[in-house]
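Before any comments, here is the structure.
In this chain, residues are counted from 1 in sequence order.
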Amino acid sequence: MKNLTTTLLLAVLCFTSCKKEAKTEDAEKTIKDSVAVEEPAPEQPLDSAAQMKAWAAYATPGNEHKLMADEVGTWNCEMTFWSEPNGKPEKATSTANVKMILGGRYQEAIYIGTMMGQPFEGKSTLAYNNASKEFTSTFIDNMGTGMMVGFGKYDEKTKSMELKGDMVNPMNGIKTPYREIYTIVDPKTRKMEMFDMKNGEEYKSMEIIMKKK
């Protein structure tokens with residue numbers, strides 16, 4: 001009799017527990033079902049004429065590209081470098097040959113010179129994206145294996161362009177932000193300033209004064 005009572009008691013407890021679990025699962029399912037799932041709004045289709053018009057506007061060089069075309073030619077570059085805040089400056093020289101490519105849509109510059117007693121060669125590209133309304137700058141050289149990429153806008157009031165991006169520190173492999181300011185001083189003079197981060201503080205790491213031949 002005692003064993004029968006114990007068995008019945010265990011059965012009741014087990015049944016009650018199963019009901020609780022079932023109720024919990026049902027409640028969770030109800031909560032999930034009650035949450036509205038937001039679906040992205042479908043893009044409105046464009047007719048072929050509108051598509052062609054939008055693509056033509058995207059591909060057609062504008063005033064910003066004319067601004068880049070004003071740089072075409074050969075420039076003498078006086079470069080100054082700082083490896084740390086208030087550090088001793090180092091000097092170098094180079095020559096930049098600038099041209100427009102791909103139908104006047106992009107600017108390409110080839111730099112040849114010496115740096116730290118070694119032959120230096122670099123290549124930059126500059127683009128203005130008609131869709132995003134911003135400039136994109138890239139730079140590679142024979143002093144490393146990485147590419148610098150910066151994005152920014154041109155300020156007509158100050159005649160300068162501010163570009164921001166990230167670069168990998170080869171000493172520790174960590175990405176650090178950099179900032180570049182490119183200023184049109186006069187029709188035959190340009191100034192490029194680069195700012196890096198060290199110990200959480202920004203400092204000027206490079207300045208290039210460019211004079212058109």
**Item:** Worked check of side-chain contact (heavy atoms from CB on, under 4.5 Å) between Y178 and M194
**Value:** CA-CA 7 Å; Y178 76 89; M194 182 171 288; 4.3 Å; yes
**Request:** Answer yes if I208 and M116 sit in the same cluster of Ile, Leu, Val, Met, Phe, Trp and Tyr residues linked by side chain heavy atoms under 4.5 Å apart, and no otherwise.
**Result:** yes
Please list, one pair per line, the donor and acceptor atoms closer than 3.5 Å that link side chains of residues 55-68 to other protein atoms, with sequence neighbours excluded.
{"from": "T60", "atom 1": "OG1", "to": "A56", "atom 2": "O", "distance (Å)": "2.5"}
{"from": "H65", "atom 1": "ND1", "to": "G62", "atom 2": "N", "distance (Å)": "2.9"}
{"from": "H65", "atom 1": "NE2", "to": "Y128", "atom 2": "O", "distance (Å)": "3.2"}

**Prompt:** Looking at residues at least two apart in the chain, or sitting in another chain, which of them share a ring pair (Phe, Tyr, Trp, His ring centres under 6.0 Å) with Y182?
**Reply:** none
**Message:** So which atom in S205 and which in D196 form the shortest heavy-atom distance, rounded to 0.1 Å?
**Reply:** OG-OD2, 2.9 Å
**Item:** Any residue meeting salt bridge (charged side-chain N to carboxylate O under 4.0 Å, His left out) with K204, in chain and number order, not counting sequence neighbours
**Value:** E193, E207
**Prompt:** Taking the hydrophobic residues Ile, Leu, Val, Met, Phe, Trp and Tyr, and joining any pair whose side-chain heavy atoms are under 4.5 Å apart, which ones share a cluster with M171?
**Reply:** none
**Message:** Once rounded to the nearest 0.5 Å, what's the spacing between atom CG of N169 and atom CE of M197?
**Reply:** 12.5 Å
**Prompt:** Which distance, rounded to the nearest 0.5 Å, do you find between the CE of M148 and the CD of E180?
**Reply:** 7.0 Å
**Item:** Carboxylate-amine/guanidinium proximity below 4.0 Å for K153 and E162
**Value:** no
**Message:** Applying side chain to side chain donor-acceptor pair (under 3.5 Å) as the test, list every pair that has at least one member in residues 136-145; sequence neighbours left out.
**Reply:** T125-T138
**Prompt:** Are more than 12 heavy atoms from other residues, nucleotides or ligands located less than 6.0 Å from atom CZ of F195?
**Reply:** yes
**Asked** Which residues satisfy the salt bridge (charged side-chain N to carboxylate O under 4.0 Å, His left out) test with R190, sequence neighbours excluded?
**Response** E71
If you look only at distance, which donor and acceptor atoms sit under 3.5 Å apart when one is on a side chain in residues 80-102 and the other is two or more places apart or in another chain?
{"from": "T80", "atom 1": "OG1", "to": "K91", "atom 2": "NZ", "distance (Å)": "3.1"}
{"from": "N97", "atom 1": "OD1", "to": "T74", "atom 2": "OG1", "distance (Å)": "2.9"}

**Heavy-atom check, side chain of Y111 versus side chain of F139, under 4.5 Å** = yes
**Request:** Each residue besides V168 in its hydrophobic cluster should be listed here, by chain and number; the cluster joins Ile, Leu, Val, Met, Phe, Trp and Tyr at side-chain heavy-atom distances under 4.5 Å.
**Result:** none
**Request:** Run through the side-chain heavy atoms of Ile, Leu, Val, Met, Phe, Trp and Tyr, join any pair under 4.5 Å, and report what else lands in I140's cluster.
**Result:** M147, V149, F151
**Item:** Contact summary for E121 and I112, nearest pair of heavy atoms
**Value:** CG-CD1, 3.5 Å
**Request:** Not counting sequence neighbours, which residues clear side-chain hydrogen bond (donor to acceptor under 3.5 Å, both in side chains) with K198? List them please.
**Result:** none
**Request:** Answer yes or no: is there a side-chain heavy-atom contact under 4.5 Å between M143 and M115?
**Result:** yes
**Asked** Would you find more than 12 non-hydrogen atoms of other residues, nucleotides or ligands less than 6.0 Å from N199 atom CG?
**Response** no
**Message:** I'd like to know if V72 and I184 are part of one continuous hydrophobic network [Ile/Leu/Val/Met/Phe/Trp/Tyr, side-chain heavy atoms within less than 4.5 Å].
**Reply:** yes
**Message:** Tell me the closest heavy-atom pair linking K188 and W75, and the distance in Å.
**Reply:** O-CZ3, 3.6 Å
**Asked** Other than V185, what residues sit in its cluster of Ile, Leu, Val, Met, Phe, Trp and Tyr side chains whose heavy atoms are under 4.5 Å apart, directly or through others?
**Response** none
**Prompt:** Under a 4.5 Å side-chain heavy-atom rule over Ile, Leu, Val, Met, Phe, Trp and Tyr, are M167 and M206 clustered together?
**Reply:** yes
**Prompt:** Have T189 and K211 got a donor and an acceptor in their side chains that come within less than 3.5 Å?
**Reply:** yes
**Message:** Let me confirm one number: the CD1-OG1 distance from I181 to T183, rounded to the nearest 0.5 Å.
**Reply:** 6.5 Å
**Prompt:** For E108, what residues pass the side-chain hydrogen bond (donor to acceptor under 3.5 Å, both in side chains) criterion, not counting sequence neighbours?
**Reply:** K123
